[in-house]
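Structure record follows, encoded as structure tokens.
First the proteins, then the strands, lettered A, B, ... as listed; each starts at 1.
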Amino acid sequence: MIKIFNSLGKSVQEFIPMDKRHIKIYVCGPTVYDKIHIGNARPLVVFDVFVRLLKKSFEKVTYVRNITDVDDKINKKSIETGIPINELTKQTIKNFHSDCFYLKNIHPDFEPKATDHINEMIEMIKVLIKKNFAYEVSGNVMFRVNKFHDYGLLSNRTLDEMIAGARVDVADYKENSADFTLWKPSSIDLPGWESPWGRGRPGWHIECSAMSKKYLGDEFDIHGGGIDLVFPHHENEIAQSCCANETLKMARYWVHNGYVNIDEKKMSKSGNNFITISDLLQKFNGEALRFFLLQAHYRAPLNYKKAYLNDANSSLSRLYRAVDGLGVEGEPDEEILNSLKNDLNTPKAIARAHYLAESANKGSKEAGQLLKNSSKILGILENDSEKWFKEGANQFFSSTNDNDISPKDIEELIKNRLEAKKSKNYRLADQIRNNLFKKGIILEDHVDGTNWRRS
RNA sequence: GGCCCGAUGGCAGAGGGGUUAUGCAGCGGCCUGCAAAGCCGUUUACAGCGGUUCGAAUCCGCUUCGGGCCUCCA
């Protein structure tokens with residue numbers, strides 16, 4: 001039995017699928033105007049583990065993660081940089097995919113782009129207008145918030161509170177200050193599509209309603225994303241989808257991950273206190289970043305410090321040592337699986353992984369094998385241990401490092417050192433070892449020879 | 001102003017009414033030429049103040065501090 005915290009109801013609930021033969025999950029992906037940061041990576045990694053767990057537990061899972069490639073932030077960035085929108089989004093998507101690869105993400109089954117689904121959005125908006133849930137004012141189409149009884153249910157707030165706390169200038173074409181945009185007009189220099197309301201572009205929320213409907217249906221099992229999406233994004237999605245499709249719920253389970261903080265504050269692009277994944281990948285293996293993100297429970301805030309990534313790397317090395325030479329053969333560890341099934345308790349799963357590693361180091365072949373077999377569900381330890389220790393940070397980046405030394409040269413120096421050791425010239429032997437250490441290479445003497453690894 | 005969340009040992013971080021989390025760092029030991037890695041031992045923590053209880057870090061209340069949402073955000 002899988003249990004998960006449902007934001008709709010604010011409690012840990014047993015996951016009961018709509019159809020246990022086919023699980024449907026939608027996760028909000030990036031708006032592609034800039035490289036993603038470690039905070040953006042958290043949902044990518046968290047929901048990746050969740051999907052791995054679902055795929056392990058059910059015969060068929062459809063995982064959809066969208067790409068928002070029409071948005072005012074993209075327009076703004078394009079004007080600022082002079083890079084045409086198409087090029088900007090294309091390059092950003094490429095970076096995003098690269099980051100996902102290094103973070104060891106499995107591919108979503110569908111990765112729909114907003115610009116490929118404008119027609120679906122227009123159709124949905126037409127339905128909303130026809131059903132009187134939306135209205136047009138001079139090229140703007142607005143959602144009539146007070147027509148939807150459950151508005152505010154997900155984010156736990158009432159319409160009165162929203163209006164009372166409104167900190168934005170209210171556009172005069174709104175019937176109600178809480179009404180939100182489904183469609184807005186585009187001037188000729190901005191991206192736009194022909195519609196019954198003139199040339200324009202969609203509001204932010206409608207894409208997820210339209211695309212989840214297309215790939216998963218009117219109702220589906222799980223909708224995920226960062227906790228900052230609860231309001232207004234997910235609240236508005238629910239309003240649109242439920243009203244257009246005449247359903248009671250859009251998704252049965254709403255799952256939200258907590259923030260990554262830096263200096264106790266939420267990391268965000270607008271806060272200008274972020275650090276990108278591509279920057280971190282120059283220093284750290286993507287798997288260490290993944291491990292760092294999984295060390296805390298997904299709903300708790302997670303503070304970022306560079307030192308924590310070093311710790312993550314060390315912990316991961318400890319685990320890799322314990323599964324050296326092993327391949328996946330058989331089922332994952334039952335306790336790791338159970339921890340994940342209990343509201344995705346990855347810290348507990350990792351604690352169990354350490355226990356298995358210790359047992360393996362004490363000689364239990366079985367423990368090491370169970371740990372290796374669990375790699376697929378966690379998305380860590382999937383690499384070959386030998387490779388893990390010799391690659392260090394991702395090779396793609398380290399190959400350009402001036403300080404880099406080739407494995408061949410390392411082997412040569414090890415040979416020289418062994419000769420020195422044989423003739424009891426420990427001074428020379430230590431000198432060789434120290435010089436290598438300065439280049440980030442650590443030597444380990446064993447009865448059957450000397451191993452090296454990158455620090 | 002409204003609504004919400006959190007406070008665990010040097011650090012990170014689970015758990016959660018009575019029993020060792022775990023990792024990193026530190027210290028002592030085994031091993032080693034010395035290291036590294038590994039193993040053994042070790043430092044007994046739950047913001048403060050009240051309350052409930054045989055018993056509270058765990059439940060309730062208040063206080064303090066920190067954070068978040070209400071605007072784009074993962």
Side-chain angles (χ1 to χ4, degrees), chain A residues 10 27-31 33 36-47 68 71-73 76 152 155-158 160-169 178 204 224-233 235 256-261 263-271 274 291-297 299-305 307-308 310-319 321-322 324 339 342 345-355 357-358 360-363 389 420-421 424-427 429-430 433-434 437 441-447 450-453 455:
Chain A
K10 286 191 181 300
V27 177
C28 285
T31 300
Y33 66 104
I36 63 161
H37 56 67
I38 183 93
N40 300 128
R42 195 172 188 191
L44 296 173
V45 169
V46 162
F47 288 104
T68 301
D71 181 273
D72 287 356
K73 288 192 295 297
K76 192 174 164 225
S155 55
N156 189 38
R157 63 192 80 195
T158 66
D160 287 346
E161 285 168 7
M162 283 180 235
I163 293 160
R167 302 192 316 216
V168 238
D169 292 336
W204 174 31
I227 199 164
D228 43 1
L229 296 182
V230 171
F231 189 89
H233 188 51
E235 194 71 71
H256 296 102
N257 64 274
Y259 303 122
V260 172
N261 291 160
D263 299 328
E264 311 299 329
K265 294 255 193 289
K266 175 188 174 185
M267 182 183 288
S268 68
K269 283 172 188 163
S270 53
F274 60 92
F291 190 86
F292 163 70
L293 292 167
L294 293 176
Q295 266 182 319
H297 185 79
R299 281 191 282 116
L302 173 59
N303 218 30
Y304 165 82
K305 270 188 190 143
Y308 299 163
N310 284 320
D311 291 351
N313 199 72
S314 307
S315 296
L316 205 41
S317 286
R318 176 178 150 82
L319 298 180
R321 226 166 250 124
D324 192 13
S339 294
N342 185 13
N345 195 335
T346 52
K348 206 172 175 190
I350 288 170
R352 171 66 178 175
H354 280 293
Y355 172 80
E358 188 183 311
N361 289 336
K362 284 182 191 167
F389 286 112
K421 274 180 68 175
K424 301 227 189 273
N425 185 353
Y426 293 122
R427 228 180 116 171
D430 289 353
R433 189 170 62 195
N434 287 339
F437 182 79
I441 306 299
I442 292 167
L443 299 189
E444 295 178 7
D445 291 336
H446 296 283
V447 271
T450 297
N451 264 345
W452 66 270
R453 64 184 167 94
S455 61

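When heavy atoms are screened at a 4.0 angstrom cut-off, H297(A) is found touching the sugar-phosphate backbone but no base atom. When heavy atoms are screened at a 4.0 angstrom cut-off, K421(A) is found touching base atoms of the nucleic acid. Among the atoms of the strands shown, none is found under 4.0 Å from any heavy atom of I350(A). I442(A) comes within 4.0 angstrom of the backbone, heavy atoms only, and of no base.
Nearest nucleotide to the side chain of P232(A), out of G67(B), C70(B), A74(B): C70(B). Counting only heavy atoms from C-beta on, D311(A) has its side chain closest to C24(B) among A74(B), C72(B), C24(B). Which of C4(B), G33(B), A74(B) sits closest to the side chain of N156(A) comes down to C4(B). Ranking C69(B), A74(B), A14(B) by closeness to the F231(A) side chain, first place goes to C69(B). Proximity note for R321(A) (side chain, C-beta onward) versus A12(B), G38(B), G68(B): the nearest is G38(B). With A74(B), A36(B), G23(B) as the choices, the nucleotide that has an atom nearest any side-chain atom of R318(A) turns out to be G23(B). Proximity note for S315(A) (side chain, C-beta onward) versus A36(B), G23(B), A74(B): the nearest is G23(B). Counting only heavy atoms from C-beta on, T31(A) has its side chain closest to A74(B) among U22(B), A74(B), G13(B).
Straight-line distance between the P atoms of U43(B) and G10(B): roughly 13 Å, to the nearest whole Å. With both ends at atom P, the span from G2(B) to A21(B) equals 41 Å, rounded to whole Å. A gap of 29 Å separates the C1' atoms of G26(B) and C65(B), to the nearest Å. The gap from the C1' atom of A57(B) to that of G6(B) amounts to 15 Å, rounded to the nearest Å. Using atom C1' as the reference point in both C3(B) and C46(B), the two lie 28 Å apart (nearest Å).
At a cut-off of 3.5 angstrom, counting only N and O atoms as typed in the model, there is a donor on one side and an acceptor on the other between the side-chain of R433(A) and the base of C34(B). Remark: the D445(A) side chain and the C34(B) base include a donor-acceptor N/O pair separated by less than 3.5 Å. Residue side chain D430(A) reaches the base of G33(B) through a donor-acceptor N/O pair under 3.5 Å, judged by distance alone.
Salt bridge annotation for D324(A)-R321(A): absent, with no cationic side-chain nitrogen under 4.0 angstrom from a carboxylate oxygen.
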* Under a cut-off of 3.5 Å for both distances of each Watson-Crick or G-U pair, what dot-bracket string does RNA chain B give, using [ ] for crossing pairs and | for inter-strand pairs? -> (((((((..(((.....[...))).(((((.......)))))....(((((..]....))))))))))))....

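Here the straight-line distance linking atom CZ of F292(A) with atom CG of N310(A) works out to 11.5 Å at 0.5 Å rounding.
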